[in-house]
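Some notes on the structure that comes next.
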Amino acid sequence: MTAVGIDAIEIRTGKLQLDLPNTFAPKKGEDPEKYTKGLGLETSSFPDVYEDIVTMGANAAKSLLDRKGLAPDEIGRIDVATESAFDHSKPVSTYIAGCLEQVYDGDFRHANKGERKFACVSGTQAIDDAYNWIRAGRNRGRAALVIATDTALYERGDPGEATQGAGAVAMLVTEDPSIVELSTEQGYGSMDETDFLKPNQQFPSVDGKRSMQVYLSRMREALEDYESIVGPVEPDTVAYAPFHTPFPGMVRKAGLFAYRHITRNTSIEDELADSIGRQPREDDYGSREAYEEAISEYMDALKGTDRYQDWYAETIEPTLGLSRVVGNWYTGSVHLARTSALRDAAERGLDDAFVGERLLVGSYGSGAQAEIHSETVRPGWREEIEALDIDEQLASRYDLSFEEYTQVHEVHDYDKSVDVEEFTVPDGEFVFTGWGRMNERTYDYVE
Ligand code: CAA
């Protein structure tokens, strides 16, 4: 069977940054270490006045098409995943295609366009759709463009304000891909939940603590479902485990749960038994409460072992690099985690030896659904990853003062109309220009 997967990635961060420990925490009267150590965040990205989900998505897509030398008629499908859509009918993919058609000869007239919604997991679902479209033989040799783009803003004063972010990840899904092949096998954990939602409102209603529990429960179910097809996942067979990263501290928790799960009934559990005992089994306890207390004690002990810390340092920590400095990109977040992992492999000097290695990818969307699949690294991965210019983009972000941050938040609040000067100068990119006669948002390309 021909491999199908991700052939190219381009990332576009919002051009502004908020320094969380040094600018945000003091104004909130909080300890900066809540951000650096607790949540695991340094800075979050914000869109400038002329940026939004369309410009960030279109700019990422243009970089990708330019770098791969692709013309519009070589793209048979454009799917946008977002939680930040401003239109209940016309999909963001049409706005992005319209932007791209301003600068390319040809058009996307015969490309199937859509918009995927299921909170943050929809970026992965859009990749699934592209995968299935290619596997079904409906693509006529053309590639699919998948764009995950979000402006993840919370109401001012909401605890989620600490985890904001904005940016887009554009991915090309093809046969014989350069970066990773996607597994056919997938596991799901899906339940009707009200942990985080936006019922006809721009900013989310969030039950933060509950959302963390729901994340862990659905991820566990997805892993069990995945293992029911492929058999037990063994820690040493996974090079990296990129998970959805609302903030790195969440993945620190998920990593520990995952390790407990995948080491149960293995020689690793046996080896650790001398120092921390065996994992508690529910049948050995008289009540659920007693069992949960024992689990909690075991997890604390497991967290302190060299064995776990080494696995975490190699498999999870490298996936968090970009998230730490951009915050939550919702639909793009797990795709940033994958990219961070691959950047780590490139920085470690891995090349051919990394081809064939496996990533265990865990996506999550509130509401709620988790999905687990694996990806196999392909020859060509390194060249693609080294072509990214995300370091330059991050280094050139404008550093907001707290007062400027409050203005930027208002500029992107659809219920407010405020006039704020742009902080950066657009250069060779799509920009938001205003509203048209039917209240559509309008865009231009600035040379
Ligand atoms: N030094 C070190 N650590 C500190 C600290 C200090 N001075 N002060 C606090 N911390 C730690 C806390 O102990 C805590 O860590 P633990 O959970 O390990 O105990 C961490 O920093 C955060 O502190 P709080 O729990 O006090 O933070 P909070 O109550 O202000 O809010 C939050 C945290 C609930 C995650 C909030 O930011 C939020 O609601 N975020 C949005 C929802 C979210 O991201 N949920 C994640 C799962 S849902 C999902 O994944 C979908 C999605 O993308 C939204």
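Numbering of ligands and ligand atoms starts at 1, following listing order.
Heavy-atom distances between Tyr154 and ligand 1 reach below 4.0 Å in at least one pair. In this structure, Glu161 has no heavy atom closer than 4.0 Å to ligand 1. Residue contact check for ligand 1: Gly249 places no non-hydrogen atom closer than 4.0 Å to it.
Under the 4.0 Å distance rule, the nearest protein heavy atom to atom 12 (C) of ligand 1 falls outside the cut-off. Counting protein heavy atoms under 4.0 angstrom from atom 46 (C) of ligand 1 gives one or more.
Using modelled atom types and a 3.5 Å distance limit, the side chains of Tyr285 and Glu292 yield no donor-acceptor pair. Neither side chain, Tyr398 nor Asp48, offers a donor N or O lying under 3.5 Å from an acceptor on the other.
For atom 21 (O) of ligand 1, the closest heavy atom belonging to the protein is Gly38 CA, 3.1 Å.
In this structure, Asn328 contributes its side chain and Gln164 its backbone to no donor-acceptor pair below 3.5 Å. Side chain of Arg252 to main chain of Gly38: a donor-acceptor pair is present (N/O by atom type, distance under 3.5 Å, no hydrogens or angles).
Under the ring-ring contact (aromatic ring centres under 6.0 Å, His included) test applied with Tyr215, the options Phe247, Tyr364, Phe257 reduce to a single match, Tyr364.
Close contacts between ligand 1 and Pro246 involve ligand atoms 44 (O), 46 (C), 50 (O), 53 (O) [criterion: under 4.0 Å to a heavy atom]. Taking a cut-off of under 4.0 Å to the non-hydrogen atoms of Phe247, the atoms of ligand 1 that pass are 35 (C), 44 (O), 46 (C).
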Derivation and outcome, ring-ring contact (aromatic ring centres under 6.0 Å, His included), residues Tyr308 and Tyr259: CA-CA 7 Å; Tyr308 171 69; Tyr259 194 72; 5.2 Å; yes

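Selection from Gly367, Ala119, Pro159 by nearest heavy atom to atom 36 (C) of ligand 1 gives Pro159.
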